[in-house]
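Note that the structure is a prediction, hence the values are computed from the model and not measured. Heavy-atom basis, side chains included; hydrogens, waters and symmetry copies ignored.
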Amino acid sequence: RFPSEALDFFYGKLTEPQYCKLFQHILRSETASPLRDEVRRSVQKLLNHTFLKDPAHADYHELRFQGVAIVRTICKFFPDWLRESPMVLDHLQRIWLSKERIARLQKEEELELEHLLESKKLVKCLLCYARCNTNDHEVLFNMLTIFTVRSVVDYSFLKQFYAHEVANGYTLSQRKSMVLHMINKCKDPAVPQELKVQALQLLVIPTLTSTLSKPGGESVLDESTITTIVKDLLDPGDEILSRYDEALHIELLQLATLLIRYLKNQLVSHRKELIKFAWDRLKRDETTSKQWAYVNVCRFIEAYDAPHKIILQVYVALLRAFQPEQRPLLKQALDILTPALPKRLPPQEHKYPIWIRYTKKIIVEEGHSLPHLIHIWHFLVRHADLFYSSRAQFVPQMVNSLNRIGMANSCPVENRKLAIDLADLVMTWDARRIEAAKAEPVVKVEGKEEAKVVVKMEVDGEAGGADEKKRDQPDEGLDNGAPTKKAKTEAGAVTTATAAASAPTPVPVTPSTPGGGARRR
């Protein structure tokens, strides 16, 4: 009945815990709408009792925390209130960016349970504003700072907001302006690197992945934005690149890989910068960034022509790397590169392409190492169709390795499954060969039979013509009184037979020494 007087009463008791809890309970009540409306109308009164207190006040931090709690409760019922009250929003952002809050967050073990949730309440308030004002990208960027500090509080709801409502819910124009804003933040040297990592990981890359994978999504990045990414992030100079830590390198490699996959035509003029950035990471010792560099280079080879030596070097390096912690990225890199090998490394004059020969060579050289052999067999099973034409190079080793991979008592289930896959692949290849063999001989046999018929007709016809000619003409072509007869064989060769009408049956002769004659047995 008296919301203004009730509000003054509770504002005067904000330093007493029992009255604070009672005030929050009343504000959340369904029947307290007049009191909530009074809080909305009297913004200045709220600020005077909470956020505008003198920092030298004994209960300054407690009053500020109670102010955040009141704003959070009002935002639950009126999500657009902060957009209508810019003064309250400004004070919330100041608290969020204050060093005191970050210092308290780093010492969570010393805070009370209520104060431990201060940052979470602030995020909830800013989230309500971000949902109502999708054009204010600075708020999105500021909330990322919560992921740069370790906390026992769960902030996964903010990641879900970025992944679903921003990356998939924003309009194309809003995504475009948001990505450009984040790119400009990432090229700012004053922004901490861990904040750049979070911006790329949670906002830029998910948004571009969701947008570019759909028809018409290429317009999210214009030519100027692409140039900014390449020139200011991927190729800013050796001095700036040397200051990048591994986490930032990984995110930039993922961003470059994504652009090559979906915007390869727009990146033709930037190929040199792209391959330089990735190749520089291949020379480093950092394991994770090096594997992401392999993924990037494989995507580059798939999209653009590259020297055969470089392609082969990358392929061999991926086959020789078999460490378990590298397996997911190695698998991804090989699955990108392998389908492009027949086009990038043709067989030329050799029967088998060079990448097939190197695969066989590595199997022979590294076959003593079971983890290495398992890595290569997994790869071959995934790309069985590409190795079918050269299966004779691999089937003996596949069969010989079945006992080592899947028959030992202590072998893991994954190895047993691989052994079954290898056996199934050998049988599949053989069934495919049999089916192909059944289709081929039909044409060949018919052609051979036709050839036999034609040859037989030719022989009969020629023999008949010879008989008629013999009846019409006198004997010719006699050699020592013996007539000479010619006939065409099936193979088409012409043989000459000499016989006498009254001659006896020929006697077999044995070959004599050169210059000698035949001797009768």
Answer yes or no: is there an ion pair linking Glu118 with Arg101, defined by an N-O contact shorter than 4.0 Å? no

Sequence neighbours excluded, the answer for salt bridge (charged side-chain N to carboxylate O under 4.0 Å, His left out) partners of Arg175 is none

Kindly state each residue pair satisfying salt bridge (Lys or Arg N to Asp or Glu O under 4.0 Å) with at least one member in residues 241-253, sequence neighbours excluded. Glu239-Arg243

CG of Leu122 to CG of Asn142: how many Å apart, nearest 0.5 Å? 12.0 Å

Taking the side chain from Asn400 and the backbone from Pro396, do they hold a donor-acceptor pair closer than 3.5 Å? yes

Sub-3.5 Å donor-acceptor pair from the side chain of Asn184 to the main-chain atoms of Leu180, do we have one? yes

Thr225 side chain to Leu221 backbone, donor-acceptor under 3.5 Å: no

Could you tell me which residues satisfy salt bridge (charged side-chain N to carboxylate O under 4.0 Å, His left out) with Asp385, sequence neighbours excluded, listed by chain and number? Arg432

Listed partners of His308 passing ring pair (Phe, Tyr, Trp, His ring centres under 6.0 Å), at least two apart: none

Show, in sequence, the C-alpha distance, side-chain angles and deciding distance for Arg94 and Asp90, and conclude whether the salt bridge (Lys or Arg N to Asp or Glu O under 4.0 Å) test is met. CA-CA 6 Å; Arg94 288 182 184 179; Asp90 183 59; 3.1 Å; yes

Minimum heavy-atom distance between Ile70 and Val39, given as atom pair plus value: CG2-CG1, 4.2 Å

Ser85 versus Val43, closest heavy-atom pair with distance: OG-CG2, 4.0 Å

Can you confirm whether Phe157 sits close enough to Lys124 that some side-chain heavy atom of one is under 4.5 Å from a side-chain heavy atom of the other? yes

Heavy-atom closest pair, residues Arg271 and Phe300: O-CE1, 3.7 Å

Check the side chains of Thr145 and Trp96 for a donor-acceptor pair under 3.5 angstrom, ignoring hydrogens and angles. yes

Short question: side chain of Ser401, backbone of Met398 - any donor-acceptor pair under 3.5 Å? yes

Can you confirm whether the side chains of Thr148 and Gln198 place a donor and an acceptor under 3.5 Å from each other? no

Tell me whether the rings of His181 and Phe141 are parallel (<30°), tilted (30 to 60°) or perpendicular (>60°). perpendicular

With no hydrogens and no angle check, is any side-chain donor or acceptor of His375 less than 3.5 Å from a backbone partner on Leu318? yes

Measuring from atom OG of Ser210 to atom CD1 of Ile205, what distance do you get when rounded to the nearest 0.5 angstrom? 13.5 Å

CG-SG distance between Leu92 and Cys75, expressed to the nearest 0.5 angstrom: 7.5 Å

Does some side-chain heavy atom of Arg320 sit less than 4.5 Å from a side-chain heavy atom of Glu365? yes

Sub-4.5 Å side-chain heavy-atom contact between Leu140 and Phe161: yes

Taking the side chain as every heavy atom from C-beta outward, state whether Glu302 and Lys264 have any atom pair closer than 4.5 Å. no

Does CD belonging to Glu112 count more than 12 external heavy atoms closer than 6.0 Å? no

How would you list all residue pairs meeting salt bridge (Lys or Arg N to Asp or Glu O under 4.0 Å) that involve residues 217-227, not counting sequence neighbours? Lys176-Asp222

Straight-line distance of Phe277 CZ to Asp235 CG, nearest 0.5 Å: 9.5 Å

Pair His383 and Phe379, ring centroids less than 6.0 Å apart: yes

Going through the checks in order, is the side chain to side chain donor-acceptor pair (under 3.5 Å) test met by Thr359 and Tyr315? CA-CA 9 Å; Thr359 306; Tyr315 177 69; 2.6 Å; yes

Output, in order, the C-alpha distance, side-chain angles, deciding distance and verdict of side chain to side chain contact (heavy atoms under 4.5 Å, CB included) for Leu158 and Phe147. CA-CA 10 Å; Leu158 183 57; Phe147 298 112; 3.5 Å; yes

Shortest non-hydrogen contact from Leu234 toward Pro236: C-CD, 3.4 Å

With sequence neighbours excluded, tell me which residues meet side chain to side chain donor-acceptor pair (under 3.5 Å) with Lys417. Asp421

Partners passing side-chain contact (heavy atoms from CB on, under 4.5 Å) against Asn265 (at least two apart in sequence or in another chain): none

Using only atom types and a distance under 3.5 Å, with no angle test, would you say the side chain of Tyr244 pairs donor to acceptor with the backbone of Gln193? no

Relative to each other, are the rings of Phe51 and His91 parallel, tilted or perpendicular (30° and 60° limits)? parallel

Across all chains, not counting sequence neighbours, the side-chain contact (heavy atoms from CB on, under 4.5 Å) partners of Arg261 are Arg299

With sequence neighbours excluded, residues passing side chain to side chain donor-acceptor pair (under 3.5 Å) with His368: none

Using a 4.5 Å cut-off on heavy atoms from C-beta on, say whether the side chain of Glu114 contacts that of Phe65. yes

Taken in chain and number order and not counting sequence neighbours, the residues that satisfy side-chain contact (heavy atoms from CB on, under 4.5 Å) with Asp80 are Phe78, Arg83, Glu84, Cys132

Contact check, side chains of Arg40 and Trp81, non-hydrogen atoms, under 4.5 Å: yes

Would you please indicate if the ring centroids of Phe394 and Phe387 are separated by under 6.0 Å? yes

Does any non-hydrogen side-chain atom of Leu82 lie less than 4.5 Å from one of Asn133? no

Could you tell me which non-hydrogen atom of Tyr170 sits nearest to which non-hydrogen atom of His137, and how far apart they are? CE2-CE1, 4.4 Å

Quick one: pull up OG1 in Thr338 and CZ in Arg382 and give me the separation to the nearest 0.5 Å. 7.5 Å

Pair Thr209, Tyr262: side-chain N/O donor-acceptor within cut-off below 3.5 Å: no

Tell me, which pairs form a salt bridge (Lys or Arg N to Asp or Glu O under 4.0 Å) where one or both residues lie in residues 132-152, sequence neighbours left out? Glu138-Lys185

Please report the C-alpha distance between Arg344 and Asp305 in whole Å, then the side-chain angles of each, then the deciding distance to 0.1 Å, and finally whether the side chain to side chain contact (heavy atoms under 4.5 Å, CB included) criterion is met. CA-CA 7 Å; Arg344 301 300 182 199; Asp305 288 332; 2.2 Å; yes

What pair of heavy atoms forms the shortest contact from Ile301 to Ala306, and how long is it? CG1-CB, 4.4 Å

Thr171 meets the side-chain contact (heavy atoms from CB on, under 4.5 Å) criterion, sequence neighbours left out, with Ser173, Gln174

Please check: side-chain N/O of Lys196 versus main-chain N/O of Asp188, any donor-acceptor pairing under 3.5 Å? yes

Nearest 0.5 Å, please: how far is CZ in Arg28 from CD1 in Ile74? 11.0 Å

Hey, does the side chain of Glu108 reach the backbone of Val152 with a donor-acceptor pair shorter than 3.5 angstrom? yes

Can you confirm whether the side chains of His350 and Arg357 place a donor and an acceptor under 3.5 Å from each other? yes

Answer yes or no: is there a side-chain heavy-atom contact under 4.5 Å between Val153 and Ile146? no

